[in-house]
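The shown structure was predicted, so the numbers you read here are calculated from the model rather than taken from an experiment. We count ligands from 1, going down the list as the structure has it; atoms in each ligand are counted the same way.
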Amino acid sequence: MVKIPSHIQALSPYKPGRSAADIRAEFGVEDLVKLASNENPLGPSPEALKHLVDGARGMHLYPDGGAALRRLLGDAFGVGMERVICASGSEAVLLLALRTFLAAGDTLLASEGTFVGWQVLASASGHRCTYVPLRKDYSFDVDAIIAAVEPTTRIIYLPNPNNPTGTWFSQEEYEKIVSSVPADVLLILDEAYFEYAEAAAAGFPNSLVDQPANVLTLRTFSKIYGIAAARIGYGIGSREVIEAMLKVKLPFEPAMMSQNAGIAALRDTNFLGESVRLNTRELGAVTEGLARLSVKVPKSAANFVMIDCGSRDMAQALWHGLVRRGVITRPLDGFGLPHAVRVSIGLESENARFLAAFEASLAEDEALARSIREATASL
Ligand SMILES: Cc1ncc(COP(=O)(O)O)c(C=O)c1O
């Protein structure tokens with residue numbers, strides 16, 4: 001039998017947010033709302049959809065390795081294409097960074113309760129990752145993260161805002177991190193929800209402004225641009241960082257169709273504006289709706305909120321209560337927060353449906369209502 005390394009054997013397969021078809025089959029609920037994967041409830045950018053077809057016309061030709069989109073992004077951010085890399089989703093850029101910059105004995109650093117994709121890639125790399133506990137309010141403990149840097153630390157991963165907590169670190173904290181981390185350590189700022197955060201949180205830091213040479217900023221077309229299935233994301237860093245990663249990247253990634261969709265989505269500023277406005281308004285509505293039921297959530301700058309249920313059993317009870325009422329949310333075992341559930345922000349009608357299902361689930365289960373209110377009281 002082929003020998004499988006112990007760190008790969010120890011991995012659990014990634015469990016994505018459950019699809020509507022899957023839930024329909026298991027629970028027999030017909031009319032479903034999916035608020036499980038932080039997708040854009042408005043659907044794809046219409047421009048992206050149109051240009052996907054143009055990309056398909058040249059499907060017999062090998063793609064250009066993302067050159068056209070790199071050029072456009074390089075211009076848009078005023079950094080030049082040499083500082084941009086595109087791949088099949090920002091998670092692919094993350095994987096590329098791990099493959100490019102790690103050598104034997106190097107270690108990784110991140111916070112607990114962070115993006116499951118990082119946790120999977122870090123474990124699969126075989127390099128030790130130190131996870132620093134979250135603060136009580138679920139924000140990153142910036143001082144503790146800085147204190148946890150070791151001589152072996154080679155990569156630090158910090159999503160801002162964080163998924164699944166929705167919390168973020170301020171400009172001041174960002175500057176503190178940047179000035180404290182040694183210049184030879186790669187600091188990955190995963191800004192998958194940047195466009196939402198910029199609108200939702202005043203003073204939200206933009207790591208592309210005066211970006212230090214050891215920072216790699218990740219962004220994606222999967223969230224606000226609404227083309228998650230196209231698998232297209234990008235990284236922006238110093239020339240040296242991007243040049244090294246380009247040597248490791250699969251030469252024909254990303255797919256041409258995906259790249260064309262990304263180019264069109266980037267130009268579709270109407271759709272971007274509409275998506276931002278919807279989320280900012282509905283994030284407020286959901287947060288207030290929960291507060292009316294005496295349930296608090298960590299203040300979110302993204303397109304989702306996290307509900308602490310007090311225990312894993314209670315989180316399961318909430319998830320089931322919601323799904324029986326046709327609302328699919330995301331349990332957070334894989335993220336290391338088994339006592340919590342994440343709810344994506346949908347359309348106004350979908351969010352109203354969630355709030356009604358949430359209220360009904362709490363009314364039906366007194367222990368659940370008590371547990372959630374107690375767990376979130378101090379937020
Ligand atoms: C923080 C964060 N980074 C990256 C991703 C993955 O994005 P992509 O679809 O571009 O791989 C997600 C998706 O949920 C995310 O939450």
(message) I need the single residue from F101, F140, Y131, W118 that forms a ring-ring contact (aromatic ring centres under 6.0 Å, His included) with Y157. Which is it?
(response) W118
(message) Please verify the inter-ring angle class for F27 with W319; under 30° counts as parallel, over 60° as perpendicular, anything in between as tilted.
(response) perpendicular
(message) Can you see whether Y234 has R219 sitting over its ring - NZ or CZ less than 6.0 Å from the centre and within 45° of the normal?
(response) no
(request) Output all residues satisfying side chain to side chain donor-acceptor pair (under 3.5 Å) with Y174, sequence neighbours left out; order by chain, then residue number. (result) none
Per-pair distances, ligand 1 N/O vs protein N/O, less than 3.5 Å:
residue, atom, partner, partner atom, Å
ligand 1, 3 (N), D190, OD1, 3.3
ligand 1, 3 (N), D190, OD2, 2.6
ligand 1, 7 (O), S90, OG, 3.1
ligand 1, 9 (O), S222, OG, 2.6
ligand 1, 9 (O), R231, NH1, 2.8
ligand 1, 9 (O), R231, NH2, 3.3
ligand 1, 10 (O), S90, N, 2.7
ligand 1, 10 (O), S90, OG, 2.9
ligand 1, 10 (O), T220, OG1, 2.5
ligand 1, 10 (O), S222, OG, 3.3
ligand 1, 11 (O), S90, N, 3.2
ligand 1, 11 (O), E91, N, 3.0
ligand 1, 11 (O), R231, NH2, 2.8
ligand 1, 14 (O), Y193, OH, 3.4
ligand 1, 14 (O), K223, NZ, 2.8
ligand 1, 16 (O), N163, ND2, 2.6
ligand 1, 16 (O), Y193, OH, 2.7

Indicate every side-chain donor-acceptor pair of residues 82-97 with a distance under 3.5 Å to a residue at least two apart or in another chain.
residue, atom, partner, partner atom, Å
R83, NE, G237, O, 2.9
R83, NH2, Q211, OE1, 2.8
S88, OG, E253, OE2, 2.9

(request) Scan for side-chain hydrogen bond (donor to acceptor under 3.5 Å, both in side chains) pairs involving residues 289-301, sequence neighbours excluded, and state none if there are none. (result) none
